[in-house]
*Asks:* 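First the structure, which I've put down as C-alpha cells, then a few questions once you've had a look.
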Amino acid sequence: MNPTYLRIIFVFTDIILPLVTGYYLKRKNLMSGDMCNLLIRINIVVFCTILTLLSFWVLPLSPQLLWLPLLGILFTIVPGFIGWAFFARRFKDYLQRGAYVVSALLSNIGAVAGLCSFIVYGEIGYAYVQLVATFQNMLLVILCFPLAQYYFAKETATLRQTKLKLSFREMFLTINQVPVLGMAAGILLQLSGVDRPLFLGTVSQSLVHLVAWISMVPVGYLIDFGQARSYYGRVLDMIPLRFVIVPGLFYLCMKNVFTDQVLLGTLIITAAAPGAVNSVVTARLYKLDVDLTIACFLLTMVVFVLVVFPVFFFYVAGGGKF
C-alpha cells in the first residue's frame, strides 16, 4: 500500500478512533472523571517522559538545525502572546481567560501538521515538522502548565477576595514537569555520545501510537458538544489568529531566510496548524474552562481540514511557489 494511504489510516486510528472511543466511554458511563484524570496523569508522567527521553536521545544537535526548534518555540509563544494581548482580555472569568491563552499557545504541530507535510512533501517534510515540534512539548510543561496554574490561582484568589499567593514550587516543581527530566536525560545521553540501542527505535514508534491513544481518549471523554456549542461564537477570532495572522506574520519573516520550497512550505503548514489536544488536557489538569478549549480545538480542526489544508495542497500541487 502507498505510504501516503498508511499515514491517512493513522489519522483515523490514532486521532479519530480514540476520540470516538473516549466519547463512547462517557456516554455509556464506562469511565469516570477520576479515571479520566488518572489516564491524563499517567500519560504525562510516565509515557510522555519516556518518549521525550527517547526522542531527545537521537535528536541531531548540529547548529544548522537549531533554527527549527527555535521556530517551534516561536510558533508557540507568538500566537500565545497575540491571543493574550488582543483577544483573551475580554474574558472576565480567569478560568476562561486562561483556557483561551492556553488554546492560543498550543497548536497541533506533531500529529496534524506532520501528517499534512508528509502528504505534500513526503518524508523530508515530515522530518522537518518533527524537529519543529520537539520543543513545543518542552514548553507545554515549563510554560503552559505554570501559566494554567497561575490563572487557576488568580480565579481562586478573586472568588475568595484574597491576595494572590503562588509559590515557585506550585508553578514549576510539580509532578507534571517530570517530562523535563526525560528531556534532560535524553540530551545528556546524546551529548555523551551514547548510541541508542536499535530496539528502542521500535519501542519509540510504538509509544507514539500508544501516547496518541492515551492523549485522545480523555479528550473524547471530555467533549461535550452541547456545552462547547455555546462557545463557538466567542472564539471565532481563533480562526484569523491561527490561519491568517500567525502564518502571515511568519511567512513575511521566513521567506527571505529559507529558499528551499519544501522547508518553507512545511513551515507554513506548521505555522497554520489547528488547535492542540494538549490545550484540553491542560485545562482539565488545572481546572480551567475545558469547554472553551474544546470549542477552540474543534473549530480550528474543522476549518483546517476542510478549508486551509485543501487550499494549500491544491496550490502546491498546481505548481505554486512561496
*Asks:* Tell me every residue that passes side-chain contact (heavy atoms from CB on, under 4.5 Å) with Ser230, counting only those two or more places apart in sequence or in another chain.
*Replies:* none
*Asks:* Is the number of heavy atoms from other residues, nucleotides or ligands under 6.0 Å of Phe81 CZ greater than 12?
*Replies:* no
*Asks:* Under the criterion side chain to side chain contact (heavy atoms under 4.5 Å, CB included), I'd like the reasoning laid out for Arg284 against Asn37: C-alpha separation, chi angles, the key distance, then a yes or no.
*Replies:* CA-CA 8 Å; Arg284 176 74 175 190; Asn37 290 339; 2.6 Å; yes
*Asks:* Measure the acute angle between the ring planes of Tyr121 and Phe312, then classify it against the limits of 30° and 60° as parallel, tilted or perpendicular.
*Replies:*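 Answer is perpendicular, since the angle exceeds 60°.
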*Asks:* I need the single residue from Leu299, Ile294, Val280, Thr293 that forms a side-chain contact (heavy atoms from CB on, under 4.5 Å) with Ser103. Which is it?
*Replies:*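 So the option named by the test is Thr293.
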*Asks:* Restricting to side-chain contact (heavy atoms from CB on, under 4.5 Å), what partner residues turn up for Ile50, sequence neighbours left out?
*Replies:*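 Checked Ile50 against side-chain contact (heavy atoms from CB on, under 4.5 Å); matches are Val46, Leu54, Leu207.
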*Asks:* Assess whether side chain to side chain contact (heavy atoms under 4.5 Å, CB included) is satisfied between Asn108 and Phe304, documenting all intermediate values.
*Replies:* CA-CA 11 Å; Asn108 211 320; Phe304 181 85; over 6 Å; no
*Asks:* Tell me every residue that passes side-chain hydrogen bond (donor to acceptor under 3.5 Å, both in side chains) with Arg196, counting only those two or more places apart in sequence or in another chain.
*Replies:* none
*Asks:* Give a yes or no on whether Arg90 atom CZ has more than 12 heavy-atom contacts from other residues, nucleotides or ligands under 6.0 Å away.
*Replies:*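 Check passes, neighbour count above 12.
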*Asks:* For a quick test of reading the model, state the closest non-hydrogen atom pair linking Leu71 to Val132 and the distance between them.
*Replies:* C-CG1, 4.5 Å
*Asks:* Counting only heavy atoms not in Phe86, do more than 12 sit closer than 6.0 Å to its CZ atom?
*Replies:*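 No, CZ of Phe86 has 12 or fewer neighbouring heavy atoms, counting only those of other groups under 6.0 Å.
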*Asks:* Shortest non-hydrogen contact from Leu288 to Gly98?
*Replies:*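 That would be CD1-C, 3.8 Å.
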*Asks:* More than 12 heavy atoms of other residues, nucleotides or ligands under 6.0 Å from CG of Leu198: is that the case?
*Replies:*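 Not buried by this count: 12 neighbours or fewer within 6.0 Å.
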*Asks:* Is the closest side-chain heavy-atom distance between Tyr286 and Leu147 below 4.5 Å?
*Replies:*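 A side-chain contact under 4.5 Å is absent here.
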*Asks:* According to the interplanar angle, ranging from 0 to 90°, do the rings of Phe250 and Phe75 count as parallel (below 30°), tilted (30 to 60°) or perpendicular (above 60°)?
*Replies:*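 Phe250 and Phe75: perpendicular rings.
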*Asks:* Please find the pair of heavy atoms, one from Val307 and one from Pro310, that lie closest to each other, and give the distance.
*Replies:* O-CD, 3.3 Å
*Asks:* Would you say Tyr315 and Val120 are hydrophobically clustered, going by side-chain heavy atoms of ILVMFWY under 4.5 Å?
*Replies:* yes
*Asks:* Leu189 and Leu53: side chain to side chain contact (heavy atoms under 4.5 Å, CB included), yes or no, with the steps?
*Replies:* CA-CA 9 Å; Leu189 288 168; Leu53 187 154; 4.2 Å; yes
*Asks:* Could you report the tightest heavy-atom contact between Met238 and Ala104, atom names first, then the distance?
*Replies:* CE-N, 4.1 Å
*Asks:* Which side-chain N or O atoms in residues 257-273 pair as donor and acceptor under 3.5 Å with protein atoms at least two apart or in another chain?
*Replies:*
residue, atom, partner, partner atom, Å
Asp260, OD1, Val262, N, 2.9
Gln261, OE1, Phe322, N, 2.9
Gln261, NE2, Phe322, O, 3.2
Thr266, OG1, Val262, O, 2.7
Thr270, OG1, Thr266, O, 2.8

*Asks:* Given 3.5 Å as the limit, does a donor-acceptor pair link the side chain of Tyr151 with the main chain of Ala99, or not?
*Replies:* no
*Asks:* Mind checking whether Tyr221 and Leu38 sit in one hydrophobic cluster, side chains of I, L, V, M, F, W, Y counted as touching below 4.5 Å?
*Replies:*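 Cluster IDs for Tyr221 and Leu38 match.
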*Asks:* Not counting sequence neighbours, which residues clear side-chain contact (heavy atoms from CB on, under 4.5 Å) with Lys28? List them please.
*Replies:*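 Lys28: side-chain contact (heavy atoms from CB on, under 4.5 Å) contacts with Tyr24, Leu30.
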*Asks:* Which heavy atom in Thr282 sits nearest to a heavy atom in Asn278, and how many Å separate them?
*Replies:*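 It is OG1-O, 2.7 Å.
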*Asks:* For a 4.5 angstrom cut-off between non-hydrogen side-chain atoms, does Thr76 reach Ile73?
*Replies:*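 Result no, sub-4.5 Å side-chain heavy-atom pair not found.
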*Asks:* Minimum heavy-atom separation for Phe297 and Gly275, please, with both atom names.
*Replies:* CD1-O, 3.6 Å
*Asks:* Let's go through Met35 and Leu25 carefully: what are the C-alpha distance in whole Å and the side-chain angles of both, what is the deciding distance for side chain to side chain contact (heavy atoms under 4.5 Å, CB included) to 0.1 Å, and is it a yes or a no?
*Replies:* CA-CA 11 Å; Met35 289 174 62; Leu25 291 174; over 6 Å; no
*Asks:* Could you tell me if the side chain of Ile214 sits less than 4.5 Å from the side chain of Ile42, heavy atoms only?
*Replies:*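 No, every pair of side-chain atoms sits at 4.5 Å or beyond.
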*Asks:* In the structure I gave you, are the side-chain heavy atoms of Tyr231 and Gln96 within less than 4.5 Å of one another anywhere?
*Replies:* yes
*Asks:* Are any non-hydrogen side-chain atoms of Met216 and Thr21 less than 4.5 angstrom apart?
*Replies:* no
*Asks:* According to side-chain hydrogen bond (donor to acceptor under 3.5 Å, both in side chains), who are the partners of Asn43, at least two apart in sequence or on a separate chain?
*Replies:*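 If we apply the side-chain hydrogen bond (donor to acceptor under 3.5 Å, both in side chains) test to Asn43, skipping adjacent residues, the hits are Ser215.
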*Asks:* If we only count heavy atoms from C-beta on, is the Val305 to Phe309 side-chain gap below 4.5 Å?
*Replies:*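 Sidechains of Phe309 and Val305: no contact.
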*Asks:* Compare all side-chain heavy atoms of Arg242 with those of Pro274 and state whether any distance is below 4.5 angstrom.
*Replies:* no
*Asks:* State, yes or no, whether a side-chain contact exists between Phe91 and Leu292 at a heavy-atom distance under 4.5 Å.
*Replies:*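 When only atoms from C-beta onward are counted, Leu292 and Phe91 do touch, with a gap below 4.5 Å.
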*Asks:* Given the rule that I, L, V, M, F, W and Y join up when any side-chain heavy atoms are under 4.5 Å apart, are Trp84 and Leu236 in one cluster?
*Replies:*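 The answer is yes; both residues are in one hydrophobic cluster.
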*Asks:* Could you check whether any side-chain N or O of Trp213 sits under 3.5 Å from a backbone N or O of Thr13, counting only pairs where one atom can act as donor and the other as acceptor?
*Replies:* yes
*Asks:* Give the cluster check for Leu252 versus Val244: same hydrophobic cluster or not, with ILVMFWY residues linked at side-chain heavy-atom distances below 4.5 Å.
*Replies:*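 Unlinked, Leu252 and Val244 end up in two clusters.
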